[in-house]
Each structure stands twice: as C-alpha cells, then as structure tokens.
There are 2 protein chains.
Amino acid sequence: MALIEIHTEVEERLHQHHQRYSPQRREIVNVLAKAGHPLTIQDIRKRSNGLAQSSVYRNLVVLEEFDIVVKVVTNGEIGRYELAEDLTGHHHHLICSNCGVVRDVVVPHALESDIDRVLATIARREGFSLDHHRLDVIGKCAKCR
Amino acid sequence: MALIEIHTEVEERLHQHHQRYSPQRREIVNVLAKAGHPLTIQDIRKRSNGLAQSSVYRNLVVLEEFDIVVKVVTNGEIGRYELAEDLTGHHHHLICSNCGVVRDVVVPHALESDIDRVLATIARREGFSLDHHRLDVIGKCAKCR
DNA sequence: ATGAGTGCAAAGGCTTTGCATTAGG
DNA sequence: CCTAATGCAAAGCCTTTGCACTCAT
C-alpha cells in the first residue's frame with residue numbers, strides 16, 4: 001500500500017472510532033511506514049522532530065488499539081513498533097539475538113498456507129482461538145556475526 | 001529426557017564451564033522441568049520455597065548463558081523462562097494475547113523441515129546467520145475467549 | 001465551550017546491581 | 001582459604017500516569 005493510501009486508510013479507521021488523526025499520529029505513521037521495519041520509541045523520536053516521549057507512548061497505545069500499529073517483541077526488553085500487516089502485508093522477522101535489530105521478510109505463500117492449516121488444528125485442539133501466527137528467525141545480523 | 005537425566009546433563013554442562021550446580025539452580029531447573037511450560041520469575045519463586053528475587057534473576061542469567069534455560073517473550077512486559085529445547089525437545093508456543101499464559105505444542109516434523117529449509121535460504125540472502133526459528137500461535141486461551 | 005492531544009515531571013513495575021554474609025571446593 | 005552463591009536493599013531503565021495547557025471542532 002502506498003504511503004498516501006496508508007494515511008487515508010488510517011485516517012478513516014481512526015475517524016470510525018471517533019479518534020483524531022493528529023499531526024503527531026500522522027508523523028508516527030509516516031516514520032514507521034518509511035522505516036519499513038520495527039522501531040523503538042527512541043527511534044521514532046529521533047526520526048521525527050522531538051516528540052515528547054509520553055505523547056509517543058500514548059499515541060502508540062491508541063494506534064495499537066485500532067490495529068494500526070503492532071508491538072513487536074524481539075530480544076527482550078525494549079518494545080518495537082511497526083504498522084499492522086493489513087497496511088504493509090503479511091511478513092515475518094529476522095531478529096538479531098545480539099543487537100535486537102529486525103528485518104522484515106516474506107516467505108512463500110505455500111509455506112504460509114501449510115503453517116496456517118497446521119496451527120489452526122493445534123489451536124482448536126488446545127481450546128485456543130487462533131488469532132495469528134508469528135514466525136521469526138533468530139540469528140546474528142551481518143554486523144554482529 | 002527424564003528429570004534425573006536433565007539434572008545430570010545440566011550439572012555436567014555447568015561443570016564444564018566451571019560453574020556450580022547449586023541447590024537453588026537445581027531447584028529452578030526442577031521447577032521448570034515439572035511445569036512443562038514457561039514460567040515467570042514470580043511463578044518460580046512461588047513454586048520453590050521463597051528464593052530471593054535477586055538470586056533467581058542471577059541464577060537465570062547463568063543458566064541462560066550456558067543454554068540451559070531460555071527466556072521466552074510472550075505478550076510483552078514480563079519475562080518467562082523454560083528449559084532449553086535440547087533438554088525438552090523442539091516445540092512451539094500457544095500464547096494467550098490477553099493473559100500471557102503459554103502452552104507448549106509440537107508440530108509435524110514435515111512442517112518443521114519445510115520451515116527450516118525456507119528460513120535458511122532467507123537468512124542467508126539477508127546476511128544473517130541462522131540460529132533457530134520461533135513459531136508461535138497468538139490467540140486467546142480457553143479462559144480469556 | 002468542551003473534550004482530545006501534548007509536555008513535563010513524577011510515579012510504577014520489572015530487572016539489575018552493590019555490598020556484606022554464607023557456603024562450597 | 002578463596003571464590004562463588006545468596007539476601008536484602010538500593011538503584012536503573014523502560015513505560016505509564018497526573019496535571020496543567022493548548023488545540024480542534
């Protein structure tokens with residue numbers, strides 16, 4: 001989805017829930033869209049013009065609530081955020097176990113189908129309602145190898 | 001692997017690195033082995049007899065360093081720990097997005113092979129060294145549905 | 001005017017660290 | 001003996017909250 005389309009979609013989604021698409025929220029979406037991979041709160045602040053930390057957190061809560069951004073858990077402590085998959089397409093993560101950096105990757109559709117089919121069965125068996133799956137590759141990035 | 005074998009293996013592994021298999025470490029391994037799914041620090045403390053919080057954290061650092069336990073990231077904030085896969089067997093997680101509880105599951109070997117093959121290719125292409133993969137199912141457990 | 005959004009500072013919650021004490025090799 | 005392990009309390013770090021102010025409808 002192109003950047004303009006993303007903004008249109010996000011604006012619509014927020015308005016449907018009686019939320020404003022404020023300049024900061026627009027800026028956050030902008031930064032995340034341009035980055036193309038999960039960013040930490042500090043990453044977001046650096047790439048925008050000095051947004052207050054609390055405002056970033058609060059806006060991310062709102063954006064997350066309406067499925068516009070997703071919190072990604074990587075090597076532990078600090079949270080990273082990216083646009084939801086319905087805005088960017090389904091993908092997975094290559095996570096560096098050393099520095100925590102994340103790169104987005106896609107896997108063949110056939111594999112996705114296989115995974116979904118198997119997981120649906122398993123979830124049902126265990127009494128879980130299936131929301132989505134998370135397939136990450138843990139390794140060391142080029143710099144940390 | 002049976003509990004006794006696990007202790008033997010852990011002891012050996014620690015000794016190889018000139019670390020002691022202290023009573024607390026043994027107790028932590030015991031608790032994790034019996035639980036059969038990832039536990040939080042507080043879970044571990046409750047199931048053992050009042051270990052000091054700092055000691056649990058420190059011992060987990062050691063156990064993690066020598067690949068005896070693994071930190072599992074679930075719905076965000078709090079860390080959960082479980083025994084490493086070479087002690088318990090390769091498996092995946094059913095994670096409740098609401099309460100964070102985790103259940104271990106295994107998927108067919110054929111699917112594992114397919115996943116590994118595809119991911120190896122992708123990791124190589126991106127300059128990552130492949131360590132392992134993480135396939136989780138995110139959903140709602142029976143209680144939270 | 002009226003509620004939402006923003007900034008700054010303070011508070012929270014999980015995790016880590018300092019330091020004195022105890023125990024194992 | 002000497003280093004590792006343990007407990008308690010204090011410090012850290014990321015995240016959340018309180019409160020006053022500004023902005024948009």
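All chains are named by letter (A, B, ...) in the order of the sequence lines, taking the proteins before the strands, and each is independently numbered beginning at 1. We use all heavy atoms of the structure for the numbers below, so side chains are in, but hydrogens, waters and symmetry mates are not.
- Tested against A:Val31, the residues A:Lys46, A:Arg45, A:Arg47 include a single side chain to side chain contact (heavy atoms under 4.5 Å, CB included) partner, A:Arg47.
- Within 4.0 Å of A:Arg58, counting heavy atoms only, lies at least one base atom of the nucleic acid.
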Using atom names, set out every protein N or O paired with an N or O of nucleotides 11-15 of chain C below 3.5 Å, distance rounded to 0.1 Å.
from: C:dT15; atom 1: OP1; to: B:Gly79; atom 2: N; distance (Å): 3.1
from: C:dT15; atom 1: OP2; to: B:Tyr57; atom 2: OH; distance (Å): 2.3
from: C:dT15; atom 1: O5'; to: B:Tyr57; atom 2: OH; distance (Å): 3.0

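- Between B:Ser55 and D:dG7, a side-chain N or O to OP1/OP2 separation shorter than 4.0 Å is present.
- Put simply, CD on B:Gln19 is 14 Å from C1' on C:dG24, counting in whole angstrom units.
- Per the geometry, CD belonging to B:Glu27 stands 17 Å off C1' belonging to D:dG7, to the nearest Å.
- Between A:His17 atom NE2 and C:dA4 atom C1' there is a gap of 17 Å when expressed in whole angstrom units.
- Between B:Glu11 and B:Arg26, at least one side-chain nitrogen of the basic residue sits less than 4.0 Å from a carboxylate oxygen of the acidic one, meeting the salt-bridge criterion.
- Atom CD of B:Glu65 is separated from atom C1' of D:dA5 by 15 Å (rounded to the nearest Å).
- A donor-acceptor pair shorter than 3.5 Å cannot be found between the side chains of A:Glu82 and A:His37.
- Atom NE2 of A:His15 and atom C1' of C:dG5 are 13 Å apart (whole Å).
- The distance from atom OH of B:Tyr21 to atom C1' of C:dG25 is 19 Å, rounded to the nearest whole Å.
- Put simply, CZ on A:Arg25 and OG on A:Ser55 are 10.0 Å apart, with the number rounded to the nearest 0.5 Å.
- Within 4.0 Å of A:Ser54, counting heavy atoms only, lies at least one base atom of the nucleic acid.
- Taking only side-chain atoms of B:Arg20, from C-beta outward, the nucleotide of D:dA5, D:dA24, C:dG7 with the closest atom is D:dA5.
- From A:Met1, atom CE reaches atom CG of A:Asp86 across 7.0 Å, with rounding to the nearest 0.5 Å.
- Atom NE2 of A:His17 has more than 12 heavy atoms from other residues, nucleotides or ligands within 6.0 Å.
- Going from atom CG of B:Leu60 over to atom P of D:dT6 covers 11 Å, rounded to whole Å.
- Of the side-chain N and O atoms in B:Asn59, none sit less than 4.0 angstrom from OP1 or OP2 of D:dA5.
- Distance CZ (B:Arg25) to C1' (D:dA5): 7 Å, rounded to an integer number of Å.
- Nearest heavy-atom pair across A:Ser97 and A:Lys140 is OG-NZ, 3.3 Å.
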